[in-house]
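As the structure lists them, so they are numbered: ligands from 1, and atoms in each ligand from 1. These figures come from a predicted structure and were not determined experimentally.
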Amino acid sequence: MKEIIKVSNLSKTFTTRKNDKTAAVREVSFVLNQGETLGLVGESGSGKSTIARLLMGLIAPDRGEIRIYDNDLKTLKKNPLDLYSKIQMVFQNPAESFDPRKTLGDGIAEPLKNRGYSKQEIEKRVVELLEMCGLTADFAAKTPASVSGGQCQRAAIARALAVQPEILICDEATSSLDVTVQRQIIDLLVELKNKQNLSIIFISHNLALVQMFCDRVIVLYNGKIVEEGEPDYIINNPQAEYTKLLLDSVL
Ligand code: ADP
Ligand code: MG
């Protein structure tokens, strides 16, 4: 199996202005294999979003290394357009992916514009992306505030996939949605994953969702990995005390 992300001994501590320190990520190592959906679970504050931001190069680690396709992320970051053609992210709050004053179509078009696509190519591609994500062409003219949360998240996924990334990081991408809509977004992600050959890191505090969607799961507690394995196995045979507590709280 081909490793497309390899994280080694990653650590990140935040220091507040009052000089309080939070060790958000502590000596974390894992790989993401090609075509895999890897779940990252843990309660609020366990370090999930910090790992996502480190993987996206939005913040720098204190120690450790991230390799994407066997290149050091530090080197890849020097060419952001190339890096973000490989790896994209979908956030918890779908509106976060869009400028509230612009249309969804403008938002989806932005990464294409940045890469020099022509106006005609962009118009065609935006419709293609909307339809791929279960929306109709008329959504291009709508603003984020005028559509439902589920529709906005579909548009955010369309935007993330505009430049055909190979890796998608979903940080609580379904957590703000109603249960039925959550299910629809997961179904969409499964479909896109197969069609677009994506590898996915699916971050969630909900082990049941992770069980439904992920090939492998990593359980985080206090910035550390406490357990790793197949979701069915972990849910039925949790080894770490913390995983047992997490199961009690969400299932
Ligand atoms: P999760 O996504 O699992 O809820 P986070 O990665 O957001 O967890 O946060 C992990 C820990 O790091 C928390 O204690 C959080 O308060 C702290 N933290 C995250 N970002 C910052 C920041 N920019 N400054 C200070 N502390 C932070
Ligand atoms: Mg988070």
*Thinking salt bridges, do Arg216 and Glu230 make one under a 4.0 Å N-O criterion?*
no

*Mind listing the closest non-hydrogen atom pair of Leu73 and Leu54 along with its distance?*
CD2-O, 3.2 Å

Do any side-chain atoms of residues 137-145 form donor-acceptor pairs under 3.5 angstrom with protein atoms, and if so which ones, sequence neighbours left out?
residue : atom : partner : partner atom : Å
Asp138  : OD1  : Thr136  : OG1          : 2.4
Thr143  : OG1  : Ser146  : OG           : 3.4

*Flag for Glu43-Ser46: side-chain donor and acceptor within less than 3.5 Å*: no

*Should the heavy atoms of other residues, nucleotides or ligands under 6.0 Å from NZ of Lys193 be counted, would the total exceed 12?*
yes

*Can you check side-chain hydrogen bond (donor to acceptor under 3.5 Å, both in side chains) on Glu172 and His205, steps first, answer last?*
CA-CA 8 Å; Glu172 304 272 12; His205 61 276; 3.0 Å; yes

*Charged N to carboxylate O under 4.0 angstrom, Arg101 versus Asp99?*
yes

For residues 156-167, dump all side-chain donor-acceptor pairs below 3.5 Å to protein atoms at least two apart in sequence or in another chain.
residue : atom : partner : partner atom : Å
Arg159  : NH1  : Gly107  : O            : 2.5
Arg159  : NH1  : Glu110  : OE1          : 3.3
Glu166  : OE2  : Tyr69   : OH           : 3.3

*Listing residue and atom name, which protein N/O/S atoms are closer to the Mg ion (ligand 2) than 2.8 Å?*
Ser49 OG

*For Thr103 and Asp106, test the side chains for any donor-to-acceptor distance below 3.5 angstrom and give the result as yes or no.*
yes

*Under a strict 4.0 Å criterion on non-hydrogen atoms, which protein residues are in contact with ligand 1?*
Phe14, Thr22, Ala24, Glu43, Ser44, Gly45, Ser46, Gly47, Lys48, Ser49, Thr50, Arg53

